[in-house]
Asks: 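There's a structure below that I have some questions on.
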Amino acid sequence: MKFITLTTDFGLADWFVGTMKGVIFKLAPSATVVDLTHGIAPGDIHGGAFALAAAARYYPAGTIHVAVVDPGVGGDRHPVVVETENHLFVGPDNGIFSFVLRGERLRSIHRLENPEFRLAEISRTFHGRDIFAPAAAHLSRGVPPGRFGVRLHDLVRLPWPDPVAIKSGLRGEIVHVDHFGNAITNLGGTRVLESRATGVRIGAHRVPLAQSYNAVKPGRPVAVIGSSGLLEIAVNVGSAAKKLSLKRGSKLTLA
Amino acid sequence: MKFITLTTDFGLADWFVGTMKGVIFKLAPSATVVDLTHGIAPGDIHGGAFALAAAARYYPAGTIHVAVVDPGVGGDRHPVVVETENHLFVGPDNGIFSFVLRGERLRSIHRLENPEFRLAEISRTFHGRDIFAPAAAHLSRGVPPGRFGVRLHDLVRLPWPDPVAIKSGLRGEIVHVDHFGNAITNLGGTRVLESRATGVRIGAHRVPLAQSYNAVKPGRPVAVIGSSGLLEIAVNVGSAAKKLSLKRGSKLTLA
Amino acid sequence: MKFITLTTDFGLADWFVGTMKGVIFKLAPSATVVDLTHGIAPGDIHGGAFALAAAARYYPAGTIHVAVVDPGVGGDRHPVVVETENHLFVGPDNGIFSFVLRGERLRSIHRLENPEFRLAEISRTFHGRDIFAPAAAHLSRGVPPGRFGVRLHDLVRLPWPDPVAIKSGLRGEIVHVDHFGNAITNLGGTRVLESRATGVRIGAHRVPLAQSYNAVKPGRPVAVIGSSGLLEIAVNVGSAAKKLSLKRGSKLTLA
């Protein structure tokens, strides 16, 4: 049983995701295809990279993760397959694998160029269907990465925004706002605990650190160490993003 | 072939649902995981309970239904597994199983506390991943509910809003507004037919009872017995919620 | 391994799609059920027909495609199963199969009326659950189409809006706007290339023809031959629909 996950910015209103699945099943009828998310904002490579990093490691060894957030489709970025100790990653070489690879031991990177493992016709606008889905299907049937094309020696890498030590403590930023309006920061939980801070300053607000969302009254903001091990700003039974006007890039300080 | 369904308020924009599936497949690679819905409004236990009650009984006997609408995550509500004659239910004990259990013969309730059947680290914010998904996976592999923790004797129950007999007939309310803008009431079809009513009064409107949406002209409101056996207010090729300003809790009278 | 795809206007907020899957799995536990899309606008038969035509041919031979965009549910349109050389199609006879059948050799059309292959109770509002899902499940288990009901000789057909030759060139229209804001036209790629046009006129704009989205600067409009073989108007890293105020039915001219 081979698992193939999909992460895209295609949304679910059109037939794009369903078409990729058809291509996969035609070539690998016994694959199990799972959606990580198709709700990445159009062209948001950073958001796709973050989602992939949060979810991929929970999958069985040998899983093939396809990630297609690809504003440069039809241009000259390489389509690639990346093999690590645990997983295979398939997608455009545009930074989408930056964060997930921080926790993985790299084995190889190959370009997807062998026409044997693509659809017969390649459009200029839908490589998810024509290049990436067939590659995942062939990989799931045991085709080794080396057969897809020449070996590459590096990938495009997005910088991870590391927190910065400042006089009054540690300065971080919001790296993702989720569906509930929780704002995830780049401050790792261990570092937060070691700092002995009791709260964060964000804009005009001081938000207390606590163990869980409901350590504060409904409607009140709270900072907790979230499920990815990163500090997040939440509002108990509410949206921190709305209440505190937070978005990706908003700065905060441990205090 | 073991079926596991998922009902959450996680939405599809983030990696939460995809992560739960990874956890399940790592432990139970041959499970079939099916989404009931992830579009419950954030924290809307009542809405989740209603969706679960509408869908669960259409699944094969032995299906494991995971429902995670959990505004109290990280607090002191119990995580539980409920066994009935037909199904297993996994989630927080906060009322989410209230409506689905009205039609099921209860066998047992157990707390999910055995660390053997949880992930090694338990976050305070994502029990769907750390507690509920692993529980479902282990159940699907045959671990009996009794091995998860102590037996409980009751669950939190949400009241079902029963219709009220009044002088001029029967008074009910809207319990759900669906994607099409159809407004589902708490008035059971049998009771509606027995009342010999020919319509409903809702706000300033009188809406005729009919057999199907298109018994009236396009754009006109109509009351029909819907697919859950409950009376619903619809507009033929339109949205009753918009046209008549209906929402959950809106009152109506059979007349 | 039998594939069943689903295309509906049910959205993902309610339990409708999840309920159809339960009905299928109860009857055909080893079927693989795949979502094409549930994001068709409510009652938009044309949009559903377009999505189905774009995706269906990428599926393995023998796939059963269920399409339920059915504003006339409970009325007198026929529920049907259509067999072609490659696939089976299940849904209401209201035009939903018009476009996908343009590329398929028709074998038979049958009405879905045999109570043996429906749920025991048929609601007036949810034939997806009560008629179409059970039909797909029984077909996947090998029940031949002829056993479902009488043979029909034709289907309702939506007209495909063919481009019109005019003095200054070729006049077409937008047939779909996708999630990215790309506006797909009814102008086939071959015909565009043969015309030797170098651009399109749409409203007050002249948009240049090019090979890919990023042949123009970010934010600039461009016309490319898209993944369905049709000309589409795009904006590099942006939304053509927003920037040029395009919607289905907007007219354009090759020039």
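This is a predicted model, so every value here is computed, not measured. Each chain gets a letter, A, B and so on, in the order its sequence line appears, and its residues count up from 1.
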Asks: Please state whether the side chain, the backbone, both or neither of B/Val33 comes within less than 4.5 Å of a heavy atom of chain A.
Replies: neither

Asks: Under 4.5 Å heavy-atom distance to chain A, tell me which part of B/Ile24 shows up: side chain, backbone, both or neither.
Replies: neither

Asks: What residue, out of A/Thr7, A/Leu36, A/Leu6, A/Leu12, has the most heavy-atom pairs lying under 4.5 Å from chain B?
Replies: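 Most heavy-atom pairs under 4.5 Å with chain B: A/Leu36.
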
Asks: Would you say A/Arg157 has more than 12 foreign heavy atoms packed within less than 6.0 Å of its CZ?
Replies: yes

Asks: Between B/Thr19 and chain A, which part of the residue has a heavy atom less than 4.5 Å away: side chain, backbone, both or neither?
Replies: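 Both backbone and side chain of B/Thr19 come within 4.5 Å of chain A.
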
Asks: Verify side chain to side chain contact (heavy atoms under 4.5 Å, CB included) between B/Arg129 and A/Tyr58, making sure each step is shown before the conclusion.
Replies: CA-CA 9 Å; B/Arg129 179 191 68 190; A/Tyr58 289 93; 3.0 Å; yes

Asks: So for A/Leu52, is it side chain, backbone, both, or neither that comes closer than 4.5 Å to the heavy atoms of chain B?
Replies: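 Neither part.
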
Asks: Minimum heavy-atom separation for A/Pro60 and B/Gly22, please, with both atom names.
Replies: CD-O, 4.2 Å

Asks: Specify which of A/Thr5, A/Thr37, A/Asp35, A/Ile40 makes the most heavy-atom pairs with chain B at under 4.5 Å.
Replies: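 Of the candidates given, the most pairs with chain B belong to A/Thr37.
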
Asks: Does any heavy atom of chain A fall under 4.5 Å from the side chain of B/Val23, the backbone, both, or neither of them?
Replies: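 Contact with chain A is through both the backbone and side chain of B/Val23.
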
Asks: How far apart are the closest heavy atoms of A/Ser212 and B/Gly74, and which atoms are they?
Replies: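 Shortest heavy-atom separation between A/Ser212 and B/Gly74 comes out as OG-O, 3.6 Å.
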
Asks: Picking from B/Ala133, B/Gly75, B/Ala13, which has the most non-hydrogen pairs under 4.5 angstrom with chain A?
Replies: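 Highest number of heavy-atom pairs under 4.5 Å: B/Ala13.
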
Asks: I'd like to know whether CZ of A/Arg220 has more than 12 heavy-atom contacts from other residues, nucleotides or ligands below 6.0 angstrom.
Replies: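 No, CZ of A/Arg220 has 12 or fewer neighbouring heavy atoms, counting only those of other groups under 6.0 Å.
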
Asks: Tell me, yes or no, whether the heavy-atom count around A/Arg206 atom CZ, taken from other residues, nucleotides or ligands under 6.0 Å, exceeds 12.
Replies: yes

Asks: So does B/Asp154 have more than 12 non-hydrogen atoms from other groups sitting under 6.0 Å from CG?
Replies: yes

Asks: For residues A/Phe3 and B/Pro29, determine if any side-chain heavy atom of one lies less than 4.5 Å from a side-chain heavy atom of the other.
Replies: yes

Asks: Please identify, among B/Leu27, B/Ile122, B/Thr125, the residue contributing the most non-hydrogen atom pairs under 4.5 Å to chain A.
Replies: B/Thr125

Asks: Hydrogens and angles aside, do A/His176 and B/Asp14 bring a side-chain donor and acceptor to less than 3.5 Å of each other?
Replies: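 On atom types as modelled, these side chains qualify, holding a pair under 3.5 Å.
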
Asks: Quick check for you: to the nearest 0.5 Å, what is the distance between A/Phe50 atom CZ and B/Trp15 atom CH2?
Replies: 4.5 Å

Asks: Select one option (side chain, backbone, both, neither) describing which atoms of B/Asp9 are under 4.5 Å from chain A's heavy atoms.
Replies: both

Asks: For chain A, find which of B/Lys21, B/Met20, B/Glu121 contributes the most heavy-atom pairs closer than 4.5 angstrom.
Replies: B/Lys21

Asks: Would you say that more than 12 heavy atoms from the other residues, nucleotides or ligands in this model lie under 6.0 Å from the NZ of B/Lys243, or not?
Replies: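 For B/Lys243, atom NZ is not crowded (no more than 12 foreign heavy atoms under 6.0 Å).
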
Asks: Less than 4.5 Å to any heavy atom of chain A: does that hold for the side chain of B/Phe16, its backbone, both, or neither?
Replies: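 Contact with chain A: side chain only.
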
Asks: Sort A/Asn214 into side chain, backbone, both or neither according to what part of it lies under 4.5 angstrom from a heavy atom of chain B.
Replies: side chain

Asks: So which of A/Arg57, A/Gln211, A/His38 has the largest heavy-atom pair count under 4.5 angstrom toward chain B?
Replies: A/Gln211

